[in-house]
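Working notes, beginning with the structure itself.
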Amino acid sequence: MRFFFMTIVKVLIVIMPCLLFLRSPELEAADWHLIVDMRGQWQFTVGDDPAWADPKTDTRDWDHLYVPGSWENQSYQGYNGYAWYRLAFDIRTMPDLDYVTLFLGRIDDVDEVFINGQKIGQTGDFFPHYQSAYDTERCYKVPVSLLMKTGNVIAVRVYDEQREGGIVRGGRIGLYDDRELALLSINLSGMWKFSIHDLGDMNSPTLNDSSWKEIYVPATWESQGYKYYDGIAYYRKHFTAPASLQGQDLFLVLGKIDDFDKVFLNGKMIGRVEEMKQYSMFRKNDAYKIFRIYRIPGGLMRSKNLISVEVNDTHGVGGIYEGPVGIVTYEAARRLAERRQKERNDSWNFSFWDLIHLFD
């Protein structure tokens with residue numbers, strides 16, 4: 001029992017995530033700041049044409065529908081099939097970030113999203129491999145480099161199989177940034193090396209990963225070309241630490257991972273979350289709910305570093321899917337943990353800091 005806590009730990013138990021096809025609660029933990037409110041009247045038309053993703057397309061004859069809201073409740077009763085939404089928007093203050101997050105609530109059944117003509121994401125599958133995602137909250141990473149201060153156009157392609165259709169409901173509809181990122185001394189969100197193949201000694205700093213494919217973190221690997229993959233995958237991230245962090249009590253924050261993980265810094269394991277069915281305080285298959293915060297042993301972090309994470313996904317979506325992701329000081333880790341402590345499910349009867357101090 002003691003070994004179990006020592007190895008997974010330094011973690012906080014929290015609520016369920018966004019963008020899990022088989023699990024559908026809303027993303028709440030981050031400190032979301034609204035950049036562009038997209039609730040309101042959107043242009044709308046039924047049918048399907050790839051040209052409608054092009055911001056230059058003339059859409060003056062399109063109808064207008066309120067978002068969020070099903071199209072059945074807005075003069076399109078009984079319609080099932082393809083339809084498109086479009087909205088022009090400006091940004092008053094461009095955020096000094098690499099990415100922002102687009103929330104579109106829940107879309108019935110499948111969607112494909114474009115901003116300024118570039119596809120930024122899709123949830124569910126269109127025919128011939130149709131898969132509904134009607135109960136999943138949509139949240140997509142949007143490169144800030146893709147945005148302009150004026151004249152942006154978002155286009156959403158939707159397919160509805162039956163009953164209500166469209167951008168049907170949602171608390172957040174718009175572009176947001178996450179103010180929790182300001183707590184990170186080193187922000188490790190972005191492109192990581194990624195492999196689903198075990199090439200041997202996968203956590204060694206000497207392993208050459210230059211030819212590996214890359215994947216964005218945090219996000220599910222299914223949303224990035226690895227649909228239906230269940231099993232073990234490997235993440236690696238090289239980063240440089242400033243001298244100002246040397247000697248401080250530091251933590252690695254990895255957000256939420258689906259399902260299990262082993263985490264290494266510079267080739268040394270610093271924590272893991274394993275199968276938990278045998279432990280009575282955990283419910284079955286709840287590892288994906290755990291917010292990972294791992295203590296970094298003193299003296300382990302250098303000027304140049306490697307984080308490697310082995311993830312084992314048993315079913316559904318997988319990967320390091322929700323942030324923040326980065327290196328934090330003790331004080332920042334405490335603030336992150338306290339925030340999740342307030343939001344955690346009441347059925348969990350201990351906290352991150354209980355575990356930290358239990359083994360100090």
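Quick caveat: nothing in here was measured; it's all calculated off a predicted structure.
With hydrogens and angles left out, the side-chain atoms of D37 and Y176 include no donor and acceptor closer than 3.5 Å. Side chains of H238 and D209: a donor-acceptor N/O pair is present below 3.5 angstrom, by distance only.
Under a hydrophobic clustering in which Ile, Leu, Val, Met, Phe, Trp and Tyr are joined whenever their side-chain heavy atoms come within less than 4.5 Å, directly or via other members, Y229 and I257 fall into the same cluster. Transitive grouping of hydrophobic side chains (ILVMFWY, heavy atoms separated by less than 4.5 Å) keeps V153 and L146 in distinct clusters.
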Report all side-chain donor-acceptor pairs from residues 240-253 shorter than 3.5 Å, counting only partners two or more places apart or in another chain.
| residue | atom | partner | partner atom | Å |
| --- | --- | --- | --- | --- |
| Q248 | NE2 | S244 | O | 3.0 |
| D249 | OD1 | R295 | NH1 | 3.1 |
| D249 | OD2 | R295 | NH1 | 3.1 |

Which pairs of donor and acceptor atoms, one on a side chain in residues 182-191, lie under 3.5 Å apart (sequence neighbours left out)?
| residue | atom | partner | partner atom | Å |
| --- | --- | --- | --- | --- |
| N187 | OD1 | S189 | N | 2.9 |
| N187 | OD1 | S189 | OG | 3.1 |

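Taking the side chain as every heavy atom from C-beta outward, I154 and F89 approach each other to under 4.5 Å. Side-chain contact between L104 and Y85 is absent, with no heavy-atom pair separated by less than 4.5 Å.
Salt-bridge formation is detected for the pair R138/D111: a Lys NZ or Arg NE/NH1/NH2 atom is positioned less than 4.0 Å from an Asp or Glu carboxylate oxygen. Note on E164 versus R169: salt bridge recorded, some NZ/NE/NH1/NH2 to OD/OE distance being below 4.0 Å. Look at E331 and R335 and you find no salt bridge, because none of the NZ, NE, NH1 or NH2 atoms lies under 4.0 Å from a carboxylate O.
The nearest pair of heavy atoms linking I296 to L300 is CG2-CB, 4.4 Å.
With F126 as the aromatic partner, R157 meets the cation-pi criteria of under 6.0 angstrom to the ring centre and within 45 degrees of the ring axis.
For Y76 and F44, the ring centers sit closer than 6.0 Å to each other.
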